[in-house]
Structure formats: C-alpha cells, structure tokens
Amino acid sequence: MPSDVSRDTSVDAIVIGGSYAGLAASLQLARARRRVLVIDAGEPRNRFAKASHGFLGQDGRSPSTITEDARAQLLAYPTVIWRDGRASGAEGSIDAFSVSTTDGEHYEGRRLVIATGVVDHLPEIPGLRQRWGKTVVHCPYCHGYEFAGGPLGVLATSPLALHQALLVPDWGRTTLFLNGSFTPDDEQKAMLRRRDVTIVPGAVAAISGDDDVTVQLGDGRTTTVAGLFVASRTAPASPLAAQLGCAFTEGMLGPLVTTDEIKATSVPGVFACGDAALAMTSVSLAVADGAMAGVAAHRSLVMAAAGHV
Ligand code: FAD
Ligand code: MG
C-alpha cells in the first residue's frame, strides 16, 4: 500500500464493516480505482461457527479463511486502506461525511457504505449461548445438513417458530419446544402434524450436552436432539445508520436499514448492505448485496462528477 494513500484520511468512500458485505462493496470500488477506506471491528456474525456452508465455491470452509482470502485480494489494490477498529460516530452529508472511531481516529469520505451487520439476541436459557453456532443455530440451510438426519429441535421465540418447525423436518424428525413463546391454533397444529412435528409445551429450563443438545423442561423431563434451531432477534451491530438519520424498516426478526434496489438508504450518499439491510441473510446474499452497494456508491460519484443531481 503506497504511503501517500495510507496517510490520507479523506477518501472517495468509507466502508464500515469489513466482512462479506463490506469486502464485496470495497472490491468493486477498488476495481473502479477509487480510494476506499475500510474500518472493521473483526466480529462477523458467524464467528461462532467452525464452518460456513452454502456459499458457492467456499462450502465448508471456516468463516475466517473465506474473509482472510478476500481481504488479501482486496488489499492488493493500491487504493485500499484498511483500519482495524470500531466506528463510533458518523455525521455529515453527501461529499462530506466524517467517521470517528473508538480509538480517536477521524476519517472523511464522500460516500459511506454501512456493512456492519447485526447482533443476535438469544433467549436467556442457561447453556444456550455457549452452544450458539455449534449445536444451537438459526438456519437449517447453513447447518442442517451436518446434523446428519436428526433428531432435531426448534426452540420457539415467537409465532415465527411455526415456519421454522415446518421447514426443519426436511433435515430430520423435529420436536417443537414452545417455551411460552408461541401457542399454535388448531389449524397450525394440523400443519405441524402433517410434517410429523412433535409439539412440546412448557418452559425450557436449561440446555446441556457436548456433541448433541439435551433440552431440559421446567418439570425435569429431557429430550435430546442432534441440533437445536432458534430464531434469534436481531439488532443493528452499529448505531451509525441511526446517527446519520437513515430510515429503518421493521423486519421479521429486527430492524433493518431501509434501502432501495441499488442499496441506497434514505440519506443521500449513504449505502447499506448485508445483514444490516437484508431480511433474508446469508454469506451469499451479503456478498451480492455488498457488490451492488459498491457499484452504486461508485456510480453515485461518477454521476455527481458528470453534473447529474
Ligand atoms: P457480518 O459478517 O456480521 O460482518 C459485519 C462486520 O462489521 C463485522 O466484522 C463487524 O465486526 C463489523 N462492525 C460492526 N460494527 C462495526 C463498527 N461500528 N465499526 C467497524 N466495524 C463494525 N451464512 C451462510 O451463508 N452460511 C453459514 O454457514 C452461516 N452460518 C452462520 C452461523 C451463525 C452462528 C450465524 C449467527 C450466522 C451464520 N450465517 C451463515 C449468516 C452470516 O453469518 C451472515 O449472513 C453474514 O455474516 C453477513 O455478512 P455481513 O458482512 O453483512 O455482516
Ligand atoms: Mg461486511
């Protein structure tokens, strides 16, 4: 990286979040020969999982080796600056945004791409959190196949558990633990019956097990499954979009930055991509979303230079 670029704190675009979405956005900007600064706190959502599945050409690789390869390829472009750190403040408007970090750095950029992802909030059940990404997961497409035919569990966190419990039987015989979060009506019970789902009412008291998951109910009964699916509630991982005044949409699992089809937010010059702005989340979708945001941020710079408002 040439030193004149690395010392300059004013760039064409600042990409906040350097995981799948942010890396994909940055790659498009770098290939467009633009000066791009990536600020990344290094805590991707899937860091709890040993392997990432379902991303074409990378199936089964560890989440970090995928991003390490992508980052090495990105940093080969001379106009890219990388900063490990956490952005804590963003302000300004198109052509003049400024971003500050928790370690006191300030950067200026003409466009912003927010790719900071989400954080997962899980029910407060002893033993659950430490199994997240291992035997407790949220997405059957990501991890269902590895549970080798089940048996499987779904821990309800809301009425959306119906959808999950109807889906999961394709990966193994399924038990739905209601845990006071969902009361299926007669029609829903019939749908679950048709999918051979066992419904277990009552509160879940604790989760245990090493290679599998033992679900212990309040009355002491236990059921052991190979994997437990839990739809986490999600929240934006950074306050930046809110600070900038971006509009939010209430998604099924939590708030999302509102974007149009080219990933522009409601604030001119600010783009958002990946889990922060997607209802259906995966590495593949985050990469596609990031690529779109990167191209859109570039085109926005080009159109401004051409005098188009
Ligand atoms: P993230 O990957 O979450 O990256 C966001 C980045 O922004 C992080 O590096 C974070 O530290 C950084 N950041 C946040 N705030 C700031 C800030 N203020 N300043 C600077 N940087 C910041 N999907 C699959 O396709 N296959 C799988 O097998 C799979 N397994 C999963 C397992 C688990 C346990 C979980 C929870 C999710 C899994 N997913 C999987 C989903 C996948 O992790 C996400 O869809 C994907 O990570 C989204 O990419 P992203 O770039 O939008 O966000
Ligand atoms: Mg990212």
Side-chain angles (χ1 to χ4, degrees), residues 14-27 37-64 66-68 70-71 82-90 99-103 105 107 112-122 128-146 227-244 253 256-257 259 263 271-294:
I14 303 178
V15 176
I16 309 166
S19 180
Y20 309 99
L23 285 164
S26 304
L27 187 58
L37 167 74
V38 189
I39 306 172
D40 183 47
E43 291 187 337
R45 188 181 176 196
N46 60 353
R47 65 191 180 280
F48 306 99
K50 272 208 301 261
S52 163
H53 293 101
F55 181 28
L56 200 65
Q58 306 288 326
D59 192 39
R61 291 188 78 200
S62 81
S64 59
I66 297 173
T67 46
E68 276 160 21
R71 179 163 63 171
W82 184 280
R83 290 287 181 269
D84 291 321
R86 185 170 293 276
S88 49
V99 175
S100 50
T101 65
T102 51
D103 41 21
E105 299 291 330
Y107 302 100
L112 290 185
V113 178
I114 295 177
T116 46
V118 295
V119 290
D120 291 288
H121 293 294
L122 294 167
L128 193 71
R129 165 84 15 212
Q130 53 267 48
R131 289 173 177 77
W132 182 238
K134 298 168 184 78
T135 50
V136 176
V137 294
H138 74 304
C139 166
Y141 296 98
C142 301
H143 302 289
Y145 193 87
E146 281 60 43
L228 184 67
F229 291 90
V230 185
S232 52
R233 290 287 305 170
T234 62
S238 83
L240 305 172
Q243 286 173 2
L244 288 157
L253 299 171
L256 301 168
V257 183
T259 53
K263 308 313 298 179
F271 301 81
C273 54
D275 283 14
L278 281 174
M280 168 99 188
T281 59
S282 77
V283 170
S284 316
L285 297 174
V287 167
D289 219 42
M292 183 74 248

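Indexing begins at 1, ligand by ligand and atom by atom, following the structure's order.
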request  = If the plane angle is over 60° it's perpendicular, under 30° parallel, otherwise tilted; pick one for H138 and W132.
outcome  = tilted
inquiry  = With a 4.5 Å cut-off on side-chain heavy atoms, are S52 and C142 touching?
reply    = no
inquiry  = Taking distance alone, with N or O pairs closer than 3.5 Å, would you say G42 contacts ligand 1?
reply    = yes
message = Between Q58 and I66 (side chain of the first, backbone of the second, donor and acceptor by atom type, cut-off under 3.5 Å), is there such a pair?
response = no
query = Hey, is the main chain of P63 close enough, under 3.5 Å, to the side chain of E68 for a donor-acceptor pair?
reply = no
query = Is there any N or O on A21 that sits under 3.5 Å from an N or O of ligand 1?
reply = yes
note = A student comparing V287, V283, T234, T116 should find that the heavy atom closest to atom 22 (C) of ligand 1 comes from T116
query = Based purely on interatomic distance, does T281 place a nitrogen or oxygen under 3.5 Å from a nitrogen or oxygen of ligand 1?
reply = no
task = Mark up the atoms of ligand 1 that fall under 4.0 Å of a heavy atom belonging to C142, in ascending order.
result = 23 (N), 24 (C), 26 (N), 27 (C), 28 (O), 29 (C), 30 (N), 40 (C)
message = Residue-level breakdown please: for D120 versus ligand 1, do any non-hydrogen atoms fall below 4.0 Å on the side chain, on the backbone, on both, or on neither?
response = side chain
request  = Measure the shortest side-chain to side-chain distance between I39 and Y107 over non-hydrogen atoms and say whether it is less than 4.5 angstrom.
outcome  = yes
key: Shortest heavy-atom approach to atom 18 (N) of ligand 1 - which of G54, G17, A87   = A87
ask   = So, D59 side chain and G54 main chain: donor-acceptor pair closer than 3.5 Å or not?
value = yes
key: Side-chain donor-acceptor pair present, Y20, N46, cut-off under 3.5 Å   = yes
key: Test item: L122 and V230 side chains (from C-beta on) under 4.5 Å apart, heavy atoms   = yes
query = Where does C139 meet ligand 1, judged by heavy-atom distances below 4.0 Å: at the side chain, the backbone, both, or neither?
reply = neither
message = Can you confirm whether L23 sits close enough to D40 that some side-chain heavy atom of one is under 4.5 Å from a side-chain heavy atom of the other?
response = no
message = Looking at ligand 1, would H143 count as a contact under a 4.0 Å heavy-atom criterion?
response = yes
Part of F55 with heavy atoms under 4.0 Å of ligand 1, whether side chain, backbone, both or neither = neither
key: For S238, atoms of ligand 1 separated by under 4.0 Å from a heavy atom   = 15 (N), 18 (N)
key: Interfacing atoms of ligand 1 (cut-off 4.0 Å, heavy-atom, A115)   = 5 (C), 6 (C), 7 (O)
ask   = Could a heavy atom of V137 be found less than 4.0 Å from some atom of ligand 1?
value = no
ask   = Under 4.5 Å between any side-chain heavy atoms of I14 and V113, yes or no?
value = no
query = Which atoms of ligand 1 sit under 4.0 Å from any heavy atom of H138?
reply = 35 (C), 37 (C), 38 (C)
note = Quick look: A286 vs ligand 1, heavy-atom contacts under 4.0 Å, and the answer is side chain
ask   = Can you tell which part of I16 has a heavy atom less than 4.0 Å from ligand 1: side chain, backbone, both or neither?
value = side chain
ask   = At the 4.0 Å heavy-atom cut-off, does G85 count as touching ligand 1?
value = yes
ask   = Among D289, I66, N46, which residue places a heavy atom closest to atom 43 (O) of ligand 1?
value = N46
message = Using a 3.5 Å cut-off on N or O atoms only, is C273 in polar contact with ligand 1?
response = no
ask   = Should you measure from each heavy atom of R45, which atoms of ligand 1 turn up under 4.0 Å away?
value = 1 (P), 2 (O), 3 (O), 35 (C), 36 (C), 43 (O)
remark   = So the atoms of ligand 1 within less than 4.0 Å of a heavy atom of E43 turn out to be 8 (C), 9 (O), 10 (C), 11 (O)
query = P44 heavy atoms, cut-off 4.0 Å: which ligand 1 atoms fall inside?
reply = 1 (P), 2 (O), 3 (O), 4 (O), 8 (C), 9 (O)
Pairwise distance CD(E105) to CZ(R86) - rounded to 0.5 angstrom = 15.5 Å
H53 side chain reached by E146 side chain, heavy atoms, under 4.5 Å = yes
Numbered atoms and elements of ligand 1 in range of S282, under 4.0 angstrom, heavy atoms = 23 (N), 25 (O), 45 (O)
message = Is it the case that ligand 1 has an N or O less than 3.5 angstrom from some N or O of G274?
response = no
key: Contact check: H53 vs ligand 1, nitrogen or oxygen atoms, below 3.5 angstrom   = yes
inquiry  = Testing the 3.5 Å rule here: is there a donor-acceptor pair between the side chains of R45 and T281?
reply    = yes
query = Where's the contact between Y20 and ligand 1, heavy-atom distance under 4.0 Å: side chain, backbone, both or neither?
reply = both
message = Using modelled atom types and a 3.5 Å cut-off, is there a donor and acceptor pairing between side-chain atoms of R47 and backbone atoms of E43?
response = yes
ask   = Got a sec, which residues hit salt bridge (Lys or Arg N to Asp or Glu O under 4.0 Å) with R233, two or more places apart in sequence or on another chain?
value = E250
message = Just to verify, what does D289 make a salt bridge (Lys or Arg N to Asp or Glu O under 4.0 Å) with, not counting sequence neighbours?
response = K263
query = For ligand 1, is F48 a contact, meaning one of its heavy atoms is under 4.0 Å away?
reply = no
